[in-house]
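Each residue takes its place number in the sequence, starting with 1. Quick caveat: nothing in here was measured; it's all calculated off a predicted structure.
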Amino acid sequence: MDLHLTAAKPTPEEQAAVDAVFGNAETGWDGGARKIERDGRTAFGAQAAHSKRHLLLPVLHAIHARVGWISPGALNYASLRLNVPPAETHGVASFYGMFSFSARPAVMAHVCDDIACMTRGAGALCAELEQKLGHAGSPCVDGKVTWQRSACLGLCERAPAALISAAGKNPRERVIAPATAESIFSIVQDACHGKLPAHPDELNVKLSVPQAGQPQLRLLRRVGHVEPESLDDYHRTGGYEALRRAFEWGPERIIREVIDSKLLGRGGAAFPAGKKWEALLLQRHLRRPHYVVCNADESEPGTFKDRILMEGDPFAIIEGMTIAALAVGAEKGFIYVRGEYPLVAERLSHAIQTARAGKLLGENILGRGLRFEIEIRRGAGAYICGEETALFNSIEGYRGEPRNKPPFPTQSGLFRAPTVVNNVETLVNIPEIILGGGAVFAKIGTADSSGYRLFCVSGHVARPGVYEVPFGPTLRSLIELAGGVGGTGRLQAVLLGGAAGSFVSPKELDTPLTFEGTRTIGATLGSGVIMLFDDSVDLRKILLRIAAFFRSETCGQCVPCRVGTVRQEETLQRLVAREPLGSLAQESGMLREMAQAMRDASICGLGQTASGAILSAMDRWSLFS
């Protein structure tokens with residue numbers, strides 16, 4: 001007996017949501033995932049031509065946006081359309097934090113209570129919401145609304161933050177930051193009456209980019225200065241001049257200049273960008289599909305620089321990816337956007353459509369024979385998908401679990417084909433390198449840390465926001481650039497690199513913000529997070545929140561991380577409560593042993609760095625003595 005036929009059936013709304021994704025995929029590039037066919041080959045590498053599994057994540061988003069949750073009937077219908085076993089469909093869908101599997105009100109408020117928002121009153125905000133809306137997870141406002149606490153929403157410079165979503169035929173999302181209990185209550189009431197604005201957010205340049213308009217800026221020079229949806233504005237400010245020069249140079253020269261620039265990846269791993277590109281160029285003779293992937297899933301607590309670039313200068317990302325495609329011989333690109341960034345998804349979708357209409361994407365770009373298309377994939381609340389191989393699995397329709405390396409992505413990446421992955425900030429540097437030359441770019445900053453760097457400054461600071469500087473200033477000077485310490489004015493600690501980074505003390509403020517400078521104090525630049533904590537903060541509570549974050553975000557694939565992150569949180573809870581198993585010293589020692597096991601044996605960087613910030617704080621302060 002066909003078990004599909006005896007399973008739960010979808011509602012007409014759920015069926016329409018799924019069918020709409022397939023309609024888009026089959027009819028064009030308006031948000032779907034049409035396959036490119038060339039010489040009888042599919043653009044999706046080793047995938048069978050009839051496979052539609054790569055549409056699973058868009059299908060799940062469509063269902064959830066339409067009805068507010070994913071029912072068994074909807075999952076069964078998605079499985080039938082995708083030709084994927086229902087158990088696998090459920091396994092993938094349950095992997096993501098933004099999807100619900102129980103019926104809930106159409107209006108949902110996600111309220112951030114992560115570490116940056118904690119410094120800006122998230123605790124008091126959630127307490128007020130409990131008075132106005134009831135406990136998190138319970139229906140309210142005549143059963144039409146519910147709210148829940150959320151991990152970092154990437155709005156740290158405007159903390160505290162909230163994201164409101166309203167399901168329906170015309171689903172809407174609205175960002176509120178800074179948020180108050182009154183503003184959240186007002187917006188959810190509007191959402192209940194179908195009055196949620198179509199536009200999800202506006203980039204407040206004065207709040208988010210305090211340097212906006214200053215002449216020395218390069219990566220941020222357009223943000224707030226041009227209309228981000230205007231291709232004419234982008235052309236007027238030098239847009240696509242780099243691509244035209246890249247066509248004149250050809251792939252070998254492009255890659256040589258990127259190598260000469262000494263550009264290191266800005267996503268945290270700091271791998272030489274040019275070396276990645278060169279690895280793909282060397283495989284062009286194999287006539288295999290190549291891919292360019294932009295990792296825009298910045299989910300590190302305290303990180304928001306990529307969001308601001310994508311909201312304020314989306315065509316720069318498109319141009320950087322197109323230059324990369326020309327260099328490595330790719331015809332297809334993906335931008336994997338964080339699910340909590342509705343304005344980013346809107347801006348990038350518009351930029352892709354506009355670039356295609358202007359013959360800057362698609363067939364025969366600028367009349368030079370280059371064929372390149374870009375598709376957006378929106379994540380759904382899984383920090384691990386920022387790891388490049390987990391990102392590949394997510395795009396392909398599998399659980400976002402990291403793969404073992406080798407093989408590396410440049411050999412076997414997306415759809416098991418050679419793939420180059422760069423994050424947003426890295427790609428925005430590419431036009432600068434092409435226009436100025438690699439050798440000139442290499443002279444900016446220091447010998448081992450070249451070029452410009454964006455830093456996300458938040459927490460107890462006078463002017464939170466994203467700041468651009470050439471590599472080399474000290475941590476102290478950057479804090480002064482941001483107006484100095486906020487809150488009580490007395491600095492207790494700085495978190496460098498985010499939850500996977502390290503805490504540093506006020507004694508270390510003269511450390512140069514370079515890759516080599518931070519290494520000398522046992523820290524890392526990571527994703528560019530600089531989060532300040534004044535002396536009113538109980539650092540032990542911050543460490544507990546970091547431990548809870550990693551426990552929640554582990555993919556569970558490998559034992560050291562799956563078990564280690566849980567035991568780490570439990571141990572910290574006992575230390576904070578001063579109820580150790582044995583002595584405080586023995587419990588602290590056990591915490592360090594677990595950290596070493598996770599560093600040595602975890603498959604990916606999540607488990608390897610899950611204890612970094614916690615141990616760095618224990619090393620610098622007597623928190624549990």
State the OG1-CE distance between Thr119 and Met531, to the nearest 0.5 angstrom.
-> 7.0 Å
Please confirm whether Phe533 and His460 have ring centers closer than 6.0 angstrom.
-> no
Has the side chain of Arg149 got a donor or acceptor atom that lies under 3.5 Å from a matching backbone atom of Asp114?
-> no
Under 3.5 Å, is there a donor-acceptor pair between the side chain of His61 and the main chain of Arg378?
-> yes
Report, as yes or no, whether the 6.0 Å neighbourhood of atom NE2 on His135 holds more than 12 heavy atoms from other residues, nucleotides or ligands.
-> no
In terms of heavy-atom contacts, Ser394 and Cys385 come closest through CB-SG, 3.9 Å
Where the side chain of Arg172 meets the backbone of Ala166, is there a donor-acceptor pair that is under 3.5 Å apart?
-> no
Which atom pair, heavy atoms only, marks the closest approach of Gly302 to Cys456?
-> O-CB, 3.3 Å
Member of Ile164, Val141, Leu196 meeting the side-chain contact (heavy atoms from CB on, under 4.5 Å) criterion with Val107 | Ile164
Is the His235-Phe315 ring centre distance short of 6.0 angstrom?
-> no
Taking side chain as C-beta onward, heavy atoms only, is Phe392 less than 4.5 Å from Val421?
-> yes
Under-4.0 Å salt bridge between Asp233 and Arg222 = no
Shortest non-hydrogen contact between Ala499 and Ala613, atoms and distance | O-CB, 3.5 Å
What are the two closest non-hydrogen atoms of Arg399 and Cys555, and how far apart are they?
-> NH2-O, 4.0 Å
Do Glu373 and Arg356 sit within salt-bridge range, that is, some charged N less than 4.0 Å from a carboxylate O?
-> yes
Report yes if the side chains of Thr554 and Phe550 come closer than 4.5 Å at any heavy-atom pair, otherwise no.
-> no
Residue pairs passing the ring pair (Phe, Tyr, Trp, His ring centres under 6.0 Å) test where at least one lies in residues 335-361, sequence neighbours excluded = none
Could you give me the CA-CA distance, side-chain angles and deciding distance for Arg81 and Asp19, then say whether salt bridge (Lys or Arg N to Asp or Glu O under 4.0 Å) is met?
-> CA-CA 8 Å; Arg81 291 298 315 262; Asp19 290 344; 2.6 Å; yes
Leu343 side, atom CG; Glu311 side, atom CD - distance, nearest 0.5 Å = 4.0 Å
Are Ile335 and Asn295 side-chain neighbours, meaning at least one heavy-atom pair lies under 4.5 Å?
-> no
So, does Glu387 use its side chain to make a donor-acceptor pair with the main chain of Ala390 at under 3.5 Å?
-> yes
For the student: nearest non-hydrogen atoms of Pro58 and Val21, plus distance = O-CG2, 3.9 Å
Under 4.5 Å between any side-chain heavy atoms of Glu346 and Pro200, yes or no?
-> yes
Charged N to carboxylate O below 4.0 Å: is that the case for Glu229 and Arg347?
-> yes
Verify side chain to side chain contact (heavy atoms under 4.5 Å, CB included) between Arg174 and Leu163, making sure each step is shown before the conclusion.
-> CA-CA 6 Å; Arg174 175 69 185 272; Leu163 174 65; over 6 Å; no
Check: Gly134 main-chain N/O paired with Trp147 side-chain donor or acceptor under 3.5 Å | yes
Check: Glu298 main-chain N/O paired with Asp306 side-chain donor or acceptor under 3.5 Å | no
With a 4.5 Å limit on heavy-atom distance, are the side chains of Ile530 and Val461 in contact?
-> no
Which value, rounded to the nearest 0.5 Å, describes the distance between Asp297 atom CG and Asn423 atom CG?
-> 11.0 Å
NZ or CZ of Arg236 within 45° of Tyr234 ring axis and under 6.0 Å | no
For Glu468, does its backbone N or O pair with a side-chain atom of Gln211 as donor and acceptor, under 3.5 Å?
-> yes
Under the salt bridge (Lys or Arg N to Asp or Glu O under 4.0 Å) criterion, do Glu88 and Arg53 qualify, and how do the steps go?
-> CA-CA 11 Å; Glu88 291 191 30; Arg53 184 161 188 154; 2.5 Å; yes
CA sep, side-chain torsions, deciding dist, call: Asp201, Arg158, salt bridge (Lys or Arg N to Asp or Glu O under 4.0 Å) | CA-CA 12 Å; Asp201 194 15; Arg158 295 155 56 188; 3.1 Å; yes
Could you tell me the separation between the SG atom of Cys126 and the CD atom of Gln131, rounded to the nearest 0.5 Å?
-> 12.0 Å
So which heavy atom on Val111 is nearest to which on Ile184, and how close?
-> CG2-CD1, 4.1 Å
For Leu55, which of Leu60, Val18, Leu82 qualifies under side-chain contact (heavy atoms from CB on, under 4.5 Å)?
-> Leu82
Test Thr426 against Asn429 for side chain to side chain donor-acceptor pair (under 3.5 Å), laying out the working first.
-> CA-CA 5 Å; Thr426 306; Asn429 273 281; 6.0 Å; no
Is a side-chain N or O of His110 found less than 3.5 angstrom from the main chain of Gln148, in a donor-acceptor match?
-> no
Asn76 versus Ser79, side-chain donor and acceptor atoms under 3.5 Å | no
Do Glu300 side-chain atoms and Ala500 backbone N/O form a donor-acceptor pair below 3.5 Å?
-> yes
Quick one: are Val457 and Pro464 in side-chain contact, heavy atoms under 4.5 Å?
-> no
Side-chain H-bond candidate by donor/acceptor type, Ser71 with Glu14, under 3.5 Å = yes
Stepwise, does the side chain to side chain contact (heavy atoms under 4.5 Å, CB included) test hold for Tyr467 with Leu454?
-> CA-CA 6 Å; Tyr467 288 84; Leu454 300 181; over 6 Å; no
Looking at CG of Leu125 and OG of Ser183, how far apart are the two atoms once the value is rounded to the nearest 0.5 Å?
-> 7.5 Å
Any donor-acceptor N/O pair, Asp534 side chain to Thr488 backbone, under 3.5 Å = yes
Hey, what's the ring geometry for Phe101 with His90, parallel, tilted or perpendicular (30° and 60° as the breaks)?
-> tilted
Answer whether the closest heavy-atom distance between the side chains of Val424 and Cys294 falls below 4.5 Å.
-> yes
Do NZ/NE/NH1/NH2 and the carboxylate oxygens of Arg221 and Asp313 come within less than 4.0 Å?
-> no
Considering only heavy atoms from C-beta outward, does the side chain of Ile70 approach that of Ser100 to under 4.5 Å?
-> no
Pair Glu425 + Lys305: basic N to acidic O under 4.0 Å = yes
Residue from Arg463, Arg120, Arg307 passing side chain to side chain donor-acceptor pair (under 3.5 Å) with Glu157 | Arg307
Rounding to 0.5 Å, atoms CD1 (Ile318) and CE (Met321) come to a distance of 6.5 Å
Run the numbers on Tyr383 and Phe549 for ring pair (Phe, Tyr, Trp, His ring centres under 6.0 Å), then give the verdict.
-> CA-CA 9 Å; Tyr383 167 73; Phe549 171 80; 4.8 Å; yes
